[in-house]
Each structure stands twice: as structure tokens, then as C-alpha cells.
**Q** 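Following this message is one structure expressed as C-alpha cells.
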Amino acid sequence: TTTTTTTTSTTATTTEIPPRLFADEASAVAEAQILFGEGKTREAESILRGVKLGKPSLNNCMMHGMVAFELEMMAAAVESFSCAVKHAPAHPRVLYSLGAALERVGSLDEAYHVYGRAVQSQPSHSHAMCNRGVVAALLFHDNRSLSLLQKSEQLLQGALALDAGDPIARSKLLEVQRQLALETKAAEILAEDAAHAPEQEEQLELSVVPIDRVDASTLSYDQFFNTYASKHKPVVLKNAYSEAYVKQRGFEWLTSRCGSAEVKLKHGEPGARAWAGLVSSDTPSQSLADFVHALTADNVSTGDYLFDWNILRHCPSLLSDWSVSRFFAQDFLQLVPDDVALAHNTESFRDFWPSLFVGQGGASGSDLHVDAWCSNFWMVLLRGRKLWTLFDPDAEVRLYRSHPTGTFSINASVLDLTQPGRVALTAEAARRYPLAQGLTALQTELAAGEVLFVPAGWPHVVRNLPGEPTLAMSGNYLDASNFDCAVGALADKGIINLPARALAEFFNSSRFDKDAATLTGHEADSDMSWAQFKKRRLKK
């Protein structure tokens with residue numbers, strides 16, 4: 001226990017509570033169990049830190065592990081559960097707990113093995129079987145082993161045979177079966193390409209097509225919808241906002257309204273098994289004003305990135321005089337009535353956007369990803385320059401997409417995006433991923449004052465270009481152009497997410513009429529104030 005206790009205490013953070021001392025281990029663990037059951041995890045941890053014994057018991061090890069896991073002190077959790085396994089090497093609950101901690105620290109091979117021992121010990125342990133299936137699907141991403149993917153499907157189906165209502169197993173099985181279909185398609189394309197694919201000795205230069213650029217000041221909503229949105233075609237909109245409007249909304253505007261707000265930053269790790277290749281930064285939380293000051297100071301280089309920051313939650317005053325472009329004001333999410341939103345927490349969708357992006361030019365960005373639940377996306381750039389590289393949704397097989405992880409094997413770690421107008425793949429990656437030879441990229445350099453529309457399902461990678469730090473606002477939305485796809489994706493997500501399920505049910509109900517909800521005529525061709533945009537509600 002001494003080792004485990006030391007690990008737990010040294011990992012504890014600023015809210016650490018002084019340890020409480022007990023006469024014996026049994027009394028301490030019993031009290032910790034009571035507090036843990038009451039949700040008083042910090043208090044339980046303080047008691048366990050006071051236990052000083054040379055040879056810990058099974059209960060002590062398990063209690064340390066559960067507390068550490070709850071406090072997200074995963075290294076300590078792994079150590080404590082490993083201690084418990086020494087006491088009970090075939091106990092399914094003990095093995096399951098260790099597997100879960102190993103999974104959280106990214107030791108997937110070990111987790112897969114330990115979950116297997118739990119299932120072997122108790123074949124009816126549906127959660128261990130489900131988790132082993134999930135881990136098998138994650139391991140597939142690393143080595144593209146079809147046998148692992150097939151094993152994942154088998155395990156998840158087995159978990160559902162034991163517990164047909166398990167939402168995790170149902171949701172993950174959908175992802176795995178989508179991936180199996182993608183692998184079948186990949187094999188077919190690869191067989192066709194193999195006959196005439198040359199051996200790649202140098203970088204593979206991809207075909208690059210510029211994204212359309214149009215003058216929004218002369219574009220009607222119907223023209224935008226019929227030419228771009230309904231055809232799922234990206235476009236850059238120039239003059240969607242006036243030069244004066246954009247000029248007034250820079251870093252001084254941002255910090256004067258939101259400078260005291262706390263921000264938690266992201267940091268890019270190209271190729272990481274993380275959505276958009278972004279992980280939590282080691283930089284401590286700080287005020288937005290301090291982050292902006294660091295970005296705009298001379299000779300400061302940082303890859304920290306404020307990514308997808310919810311403005312309405314953290315700094316609603318920024319939106320008081322914001323204008324919503326007519327091209328995106330049709331958002332059906334804003335029509336969700338309060339009785340649905342508040343009852344099922346669907347305001348987490350309705351009120352999440354617009355969001356804020358702030359990053360240093362040349363040192364930040366996001367890796368290849370697809371926006372969630374088949375949503376459309378817009379971004380207005382207020383400062384700096386961004387290089388956007390997009391791929392058609394049908395290219396997911398050539399990008400080696402992994403549905404279980406939401407990532408791509410073709411990503412920023414193997415792509416050369418240093419020069420606008422050129423996209424290249426390293427020779428090694430081209431040999432490893434031969435389907436990439438058929439890829440075509442769409443690309444644009446987005447400048448301050450311009451708006452980019454990205455239709456649902458388009459994979460994209462974004463780089464903040466050298467020069468002035470970037471400042472942008474964006475939104476994900478649902479309208480007639482992506483309605484069927486988005487509602488279907490929300491229903492799938494709703495297997496494990498109640499707000500998404502409630503949204504899908506609402507949009508599929510008689511309360512919602514897609515045609516009646518779509519604005520026409522003068523209303524469709526008018527930008528909206530933020531207040532008007534948020535008042536678009538259906539009645540009970």
C-alpha cells in the first residue's frame with residue numbers, strides 16, 4: 001500500500017485534502033468505501049493516503065484503484081488494480097477494472113489481454129466482452145488487421161447476445177460494421193488499382209483542385225442552396241460581411257468583451273488517436289486575454305490552440321451585435337422548442353455554436369477529421385490566414401478512415417501541406433497506403449473577411465498559416481440540404497446519447513415540418529441579428 005499511496009498522493013492536484021489516519025487498514029478502507037459510495041471521492045482519497053501498511057489487502061488495492069480511476073489518476077489506478085490482480089488473478093471484476101484503467105492510459109494490447117482473461121473467467125461478463133470488442137476495434141486502427149476487426153464484431157455481437165440492451169455494444173457494433181463494409185470496398189478498389197499502380201519511390205503528389213470562390217454580395221440564398229448546399233459542394237464566400245464589420249472584430253474587440261474568461265487549450269499531435277489530432281495542452285488554464293497577449297507578443301512560438309470554444313456558454317456578450325449570414329440562418333436546430341431542449345438537454349446542440357478558434361500563425365491547426373452527426377459547417381475568418389484542405393466524402397476509403405476511432409491513417413503526420421496549392425504524401429506512406437494514389441484534394445487559402453462553407457461529411461485538415469495569429473468564428477448546423485443524413489446520424493448517436501436521440505425523435509415527429517420550417521423569399525435573403533436567430537422557436 002505504501003507505493004500505491006505515494007503514487008496517489010503525488011498525483012493529486014490543487015484540491016488535495018490532508019490525509020486522515022486510522023488505527024488499522026480495515027477501518028480506513030471501510031470508511032473510504034462509505035464516502036466513495038456517497039460521491040465524496042476526494043475525502044475517500046484522503047483516507048487512503050493515510051493508510052501505511054507494508055502488505056496491502058485486496059480491498060485496499062481495489063479501493064485505491066476505484067478512487068484513483070474516479071479522479072482520473074490513471075497511472076495510480078493501473079498500479080492499484082494490478083496490486084488487486086496479484087491477490088485475485090482470476091476474479092472477473094478485478095480483471096475488468098484493470099482492463100478499464102489500461103484502456104484509459106492507452107495500453108490497448110494489455111487491456112485486450114486482460115479483458116480476455118475476465119471473459120475467460122466469467123463467460124457471461126457482457127461488459128468485459130463488450131470492452132474487449134471495443135479495444136479490438138481501436139487496435140485495428142494501428143495495424144489495419146482485418147482479423148482484429150472481425151474479432152471485434154464477434155465480441156460485440158456476443159455482448160449483445162448476453163445483454164441486448166447494452167447501448168455501448170450496439171453503438172460500437174454499428175461503427176465496426178461500417179468499417180467492415182469500408183474494408184470490403186478497399187479490397188475491391190485495390191484489386192483494380194494493383195494492375196497499373198507504379199512503385200512509389202518519391203513523394204506522391206496529389207491532384208489539387210481550388211475551391212470555388214464567389215461574391216456573396218450578389219448571391220441569393222436560393223442560388224447558394226441550389227449550387228452549393230444541396231449539391232454538397234464547398235465554397236468560399238467573399239464579401240459575406242462588410243470590410244468595416246470585419247475590421248471592428250479583431251483581438252481588441254475579443255479581449256475587451258471576453259478577456260477575463262478562462263480558456264483550456266488544445267495542442268496538435270499529428271497522427272494521434274484523438275479527434276482532429278488535438279489533445280489537451282500542458283499549458284495551465286489561463287484567461288483569454290493572457291493567451292491572446294502571448295500569441296500577439298513578439299518572438300513567442302506556441303502550438304497551443306483555442307479550438308471550438310463555446311461562445312454562448314463562456315462569453316455571450318460577444319454575440320450581442322453579431323449578424324448571422326442568410327446562407328446559414330436556416331438552422332433547424334434553432335427551431336427545437338424549449339420543452340424538448342430543456343427536458344432532454346438538447347440545448348447542448350442548439351446552443352453550442354457559434355464557437356471560437358484562436359491560434360498562432362504557422363504553429364497550430366487541426367488534423368484530418370469529419371465534423372460530427374453529418375452537420376454542415378461554416379467559418380468566418382476575422383484575422384490571419386488559414387489553409388484548408390478538403391476531400392470528398394467518397395474518398396474516405398482512400399484516406400484509410402477508421403470509424404471506431406474517428407481518425408484517418410492519411411493525416412498531417414504523412415501529408416506535406418507546407419506550400420499552398422500543393423498536397424503531397426511521403427514515399428513511405430504512399431507505399432504503405434496504396435489507395436492514396438487515387439486521391440484528389442480541394443484546397444483554399446482563407447483570408448480575413450472570407451467565409452468557408454463545408455458540407456456534411458467532407459474530411460478536412462486545417463493549418464494556420466505564418467503571419468498574424470488567426471481569429472475565427474464557426475458553426476455547425478442542420479437544414480434542408482443535410483436533413484436526412486443528419487437526423488439519421490443523430491439517431492445512431494442517440495443509442496448512447498440522450499440529447500441526440502431526443503433531437504432525432506423531434507425531427508422525425510409530426511411536430512416538425514421541414515418544408516414549413518424553410519424560409520423563403522425576403523426572409524431567406526436577409527441576414528439575421530443574433531437575437532432574431534435565437535428567437536426562431538416552434539411552439540409547444
Side-chain angles (χ1 to χ4, degrees), residues 1-17 19 29 32-33 35-37 39-51 56 58-89 91-118 125 127-128 130-139 141-142 168 172 264-267 269 271-285 404-407 496:
T1 296
T2 304
T3 303
T4 304
T5 303
T6 302
T7 303
T8 305
S9 63
T10 55
T11 314
T13 55
T14 54
T15 55
E16 187 176 282
I17 298 171
V29 172
Q33 286 175 327
L35 291 169
F36 185 75
K40 299 175 181 178
T41 309
R42 289 285 179 193
E43 290 86 342
E45 188 269 343
S46 73
I47 290 175
L48 295 173
R49 269 187 291 124
V51 177
L58 172 61
N59 281 347
N60 191 346
C61 292
M62 283 298 290
M63 200 66 235
H64 268 95
M66 289 188 291
V67 168
F69 194 94
E70 185 72 17
L71 295 176
E72 297 190 1
M73 298 154 60
M74 291 302 155
V78 169
E79 185 175 359
S80 297
F81 289 137
S82 297
C83 161
V85 168
K86 291 177 182 178
H87 284 277
H91 195 295
R93 180 190 172 206
V94 173
L95 290 166
Y96 176 79
S97 299
L98 176 58
L102 288 166
E103 184 180 347
R104 287 289 295 274
V105 298
S107 299
L108 297 182
D109 285 309
E110 292 180 76
Y112 181 75
H113 173 68
V114 171
Y115 282 138
R117 288 171 58 190
H125 199 315
H127 293 313
C130 172
N131 282 21
R132 193 176 194 225
V134 170
V135 170
L138 296 176
L139 287 169
H141 170 74
D142 296 335
I168 301 295
K172 293 301 178 182
K264 295 180 180 179
L265 305 173
K266 298 286 189 178
H267 192 90
E269 285 190 9
R273 194 191 292 112
W275 191 79
L278 293 167
V279 297
S280 295
S281 171
D282 292 333
T283 304
S285 298
T405 61
T407 56
I496 56 172

**Q** Do other residues, nucleotides or ligands put more than 12 heavy atoms under 6.0 Å from His127 NE2?
**A**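 No, the 6.0 Å shell around NE2 holds no more than 12 heavy atoms from other groups.
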**Q** Quick check for you: to the nearest 0.5 Å, what is the distance between Leu139 atom CG and Asp109 atom CG?
**A**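 Taking CG in Leu139 and CG in Asp109, the distance rounds to 5.0 Å.
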**Q** Of all the heavy-atom pairs spanning Ala77 and Ala68, show the shortest one and how long it is.
**A**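 Closest heavy-atom pair between Ala77 and Ala68: N-CB, 3.7 Å.
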**Q** Could you tell me the separation between the OG atom of Ser281 and the CD atom of Glu269, rounded to the nearest 0.5 Å?
**A**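 Atom-to-atom, Ser281:OG and Glu269:CD are 10.0 Å apart.
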**Q** Can you give me every donor-acceptor pair (side chain of residues 93-108, partner residue at least two apart or in another chain, under 3.5 Å) with its distance?
**A**
from   : atom 1 : to     : atom 2 : distance (Å)
Tyr96  : OH     : Asn131 : ND2    : 3.4
Ser97  : OG     : Arg93  : O      : 2.9
Glu103 : OE1    : Tyr115 : OH     : 2.9

**Q** So which atom in Pro89 and which in Arg117 form the shortest heavy-atom distance, rounded to 0.1 Å?
**A**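 Closest approach of Pro89 to Arg117: O-NH2, 2.9 Å.
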**Q** Show the numbers, then the answer: is there a side chain to side chain contact (heavy atoms under 4.5 Å, CB included) between His267 and Ser280?
**A** CA-CA 6 Å; His267 192 90; Ser280 295; over 6 Å; no
**Q** Got a sec, which residues hit side chain to side chain donor-acceptor pair (under 3.5 Å) with Asp142, two or more places apart in sequence or on another chain?
**A**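 If we apply the side chain to side chain donor-acceptor pair (under 3.5 Å) test to Asp142, skipping adjacent residues, the hits are Arg273.
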**Q** Do His64 and Asn60 have side-chain N/O donor and acceptor atoms under 3.5 Å apart?
**A**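 On atom types as modelled, these side chains qualify, holding a pair under 3.5 Å.
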**Q** On a heavy-atom basis, which atom in Pro404 and which in Leu138 lie closest, and how many Å separate them?
**A**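 So the two residues come closest at O-CD2, 4.1 Å.
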**Q** In Å and rounded to the nearest 0.5 Å, what is the CZ to NE2 distance from Arg132 to His113?
**A**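 With rounding to 0.5 Å, CZ (Arg132) is 9.0 Å from NE2 (His113).
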**Q** Specify the closest pair of heavy atoms between Ala84 and Met62, including all atoms of both residues, with the distance to one decimal.
**A**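 Residues Ala84 and Met62, closest heavy atoms: CB-SD, 3.6 Å.
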